[in-house]
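Notes follow once the structure below has been shown.
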Amino acid sequence: MQVSVTRDVFRLAQVFTISRGSRTEAQVLTVTVSDGSHQGRGECVPYARYGETLESVTAQIEDTAVTDRAALQAQLPAGAARNALDCALWDLEAKRAGKRVWELAGLAAPQPEITAYTLSLDEPDAMQAQAAKNAHRPLLKIKLGTPDDMARLEAVRAGAPDARIIVDANEGWSAEIYADLAPHLVRLGVALVEQPLPAGEDDALLGVARPLPVCADESCHDRGSLAALKGKYDVVNIKLDKTGGLTEALELRRAALAEGYDVMVGCMIGSSLAMAPAVLVAQGALVTDLDGPLLLAEDRGTPLTFDSAGVHPPAPELWG
């Protein structure tokens, strides 16, 4: 099996800011796996929050003797490197079989899913303008995570009075700030809040009233994370760069639903190649947040289709 990894850079349509910083481009790793006759591709986004860099993840990929998906699960931990390889192997299997990945996985043919569109963290006036510009979208996601978020919430709701809204604090609040904000989130019609507290401090959510669903993002990586979420969260955010690929993402989805959690499917900022396998996981999810390509100024040659029906499954020329 031949494996190659390249670094690709996609310009963002505008500066994107969260509580941990700003960026103007998406730097991704593209992995191609070939058996000599067919090839498959996958994409990952190394994430500094989890101790990953482009260099460290490239080294992980290049040091792995790739044979098949089953072996890969034991060879690498959950994370960006395994994600790119796992998704590339799924793509390769589909190309070999002349079938779509969802057929190989025993899934129903996927349909479009309405996706959130993320508003970057900014001053209230700027966020209201962003919200007004995107008020036609059915689902907006607000990046928050500062002590001054109340004005931002009010501004976004004023800019998009009819949109469904979810909030991502990116671990930026304390238990006290969350308790103060929660009634206002409900008043403003917020449907869900992601990761209000730092992952290592979320025991503070135990016993706290949850008047709206609370979603675990940084606190949930794979099935091994589920046991520690009890009593704190209502929803888990499945991202392939956290699970280490489609294989574990599908297993995490099954396990989470079996334990009574709702599912959100999210993404890092990457191209359509990164989102394509996640569309399969997002089928019927409570929230789909696969807007990475919508934030880019440029994308893959055969990008995903986004329209009023949502994000569509990938064409085989892209993936799967």
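Counting begins at 1 with the first residue of the sequence. Keep in mind the model is a prediction, meaning the values are calculated, not measured. What you see below is based on every heavy atom in this structure, not just the backbone, and it leaves out hydrogens, waters and symmetry mates.
Exactly one of L85, L89, T6, D86 qualifies for a side-chain contact (heavy atoms from CB on, under 4.5 Å) with V31. That residue is L85.
Residues Q60 and R82 have side chains not in contact (no heavy-atom distance under 4.5 Å, counting atoms from C-beta outward). L185 is not listed as a side-chain neighbour of I165, based on a closest heavy-atom distance of 4.5 Å or more. By the 4.5 Å heavy-atom criterion applied to side chains, P314 and R100 are counted as neighbours. Counting heavy atoms from C-beta outward, L12 and T24 have side chains that stay 4.5 Å or more apart. Two residues are said to be in side-chain contact when any heavy atoms from C-beta on lie closer than 4.5 Å; V101 and L107 fail this criterion.
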**Request:** Before giving the answer on side chain to side chain contact (heavy atoms under 4.5 Å, CB included), spell out for N83 and C87 the whole-Å C-alpha distance, their side-chain angles and the decisive distance to 0.1 Å.
**Result:** CA-CA 6 Å; N83 176 32; C87 291; 3.2 Å; yes
**Prompt:** Stepwise, does the side chain to side chain contact (heavy atoms under 4.5 Å, CB included) test hold for D241 with Y47?
**Reply:** CA-CA 8 Å; D241 276 314; Y47 199 38; over 6 Å; no
**Message:** The test is side chain to side chain contact (heavy atoms under 4.5 Å, CB included); show your working for S271 and V28 and say whether it passes.
**Reply:** CA-CA 8 Å; S271 81; V28 311; 5.6 Å; no
**Pair Y117-T115, side chain to side chain contact (heavy atoms under 4.5 Å, CB included): steps then yes or no** = CA-CA 7 Å; Y117 180 83; T115 181; over 6 Å; no
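Residues L54 and Y50 do not share a hydrophobic cluster, defined by chaining ILVMFWY side chains whose heavy atoms lie under 4.5 Å apart. Following chains of ILVMFWY side-chain contacts shorter than 4.5 Å, one can reach V208 starting from V214, so the two form part of one hydrophobic cluster. Placement of L294 and V156 within a single hydrophobic cluster is found when ILVMFWY residues are connected by side-chain heavy-atom separations under 4.5 Å, directly or transitively. By the rule that hydrophobic residues join a cluster once side-chain heavy atoms approach within less than 4.5 Å of another member, I269 and F306 end up as members of one cluster. Transitive grouping of hydrophobic side chains (ILVMFWY, heavy atoms separated by less than 4.5 Å) brings L197 and I142 into a common cluster.
Checking side-chain atoms of D68 against main-chain N and O of A70 turns up a donor-acceptor pair under 3.5 Å. The backbone N or O of A116 sits nowhere less than 3.5 Å from a side-chain atom of R164 that would complete a donor-acceptor pair. In this structure, the side chain of R41 does not engage the main chain of T32 through any donor-acceptor pair within 3.5 Å. S56 places no side-chain N or O within 3.5 Å of a backbone atom of E52 that could act as its donor or acceptor partner. Under the 3.5 Å distance criterion, the side-chain polar atoms of E298 are matched with a main-chain donor or acceptor of R11.
To the nearest 0.5 Å, atoms CE (M268) and CZ (R49) are separated by 10.0 Å. Here the CD-OG distance, from Q14 to S120, works out to 6.5 Å after rounding to the nearest 0.5 Å. Separation of atoms CG (L119) and CZ (R152) is listed at 12.5 Å; rounding is to 0.5 Å. Rounding to the nearest 0.5 Å places CG of L104 at 10.5 Å from CG of D91. To the nearest 0.5 Å, atom CD1 of residue I177 and atom CG of residue D149 are 8.0 Å apart. Between the CZ atom of R157 and the CG atom of L188 there is a distance of 7.0 Å, given to the nearest 0.5 Å.
Across all non-hydrogen atoms, the minimal contact from I61 to V5 is CD1-CG2, 4.2 Å. Across R69 and Q73, no two heavy atoms sit closer than the pair O-NE2, 3.0 Å. Residues L212 and A182 come closest through the heavy atom pair CD2-O, 4.5 Å. Between I166 and A191 the shortest heavy-atom distance is CG2-CB, 4.3 Å. R96 approaches D35 most closely through the heavy-atom pair NE-OD2, 2.7 Å. Nearest approach of A169 to P196, heavy atoms of both residues: CB-CA, 3.8 Å.
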With a cut-off of 3.5 Å and sequence neighbours excluded, list every side-chain donor-acceptor pair involving residues 198-207.
| unit_1 | atom_1 | unit_2 | atom_2 | d |
| --- | --- | --- | --- | --- |
| D202 | OD1 | K232 | NZ | 3.2 |
| D202 | OD2 | S219 | OG | 2.7 |
| D202 | OD2 | Y233 | OH | 2.7 |
| D203 | OD1 | K232 | NZ | 2.6 |

Report all side-chain donor-acceptor pairs from residues 272-291 shorter than 3.5 Å, counting only partners two or more places apart or in another chain.
| unit_1 | atom_1 | unit_2 | atom_2 | d |
| --- | --- | --- | --- | --- |
| S272 | OG | D299 | OD2 | 2.6 |
| S272 | OG | L304 | N | 2.9 |
| Q283 | OE1 | Q111 | N | 2.8 |
| Q283 | NE2 | Q111 | O | 3.0 |
| Q283 | NE2 | V279 | O | 3.1 |
| D289 | OD2 | K141 | NZ | 2.6 |
| D291 | OD2 | T118 | N | 2.7 |
| D291 | OD2 | T118 | OG1 | 2.8 |

Got a list of side-chain donor-acceptor pairs under 3.5 Å for residues 256-267, not counting sequence neighbours?
| unit_1 | atom_1 | unit_2 | atom_2 | d |
| --- | --- | --- | --- | --- |
| E259 | OE1 | K230 | NZ | 3.2 |
| Y261 | OH | K230 | N | 3.4 |

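Within the structure, the salt bridge (Lys or Arg N to Asp or Glu O under 4.0 Å) test picks out the following pairs touching residues 213-225 (sequence neighbours left out): R20-E218, D217-K239, D217-K242, R223-E248, R223-E251. Evaluation of the side-chain hydrogen bond (donor to acceptor under 3.5 Å, both in side chains) test over residues 311-320, restricted to residues two or more places apart or in two chains, returns D307-H312.
Under the side-chain contact (heavy atoms from CB on, under 4.5 Å) criterion, A126 pairs with D122, sequence neighbours left out.
Annotation: D180, atom CG; neighbour count of heavy atoms from other residues, nucleotides and ligands within 6.0 Å is above 12. Other residues, nucleotides and ligands place no more than 12 heavy atoms under 6.0 Å from the CD atom of Q2.
Remark: E154 engages R187 in a salt bridge, criterion side-chain N to carboxylate O under 4.0 Å. With respect to the salt-bridge test (charged N to carboxylate O, under 4.0 angstrom), the residues R300 and D8 qualify.
Ring planes of Y178 and W173: parallel class, angle under 30° (limits at 30 and 60°).
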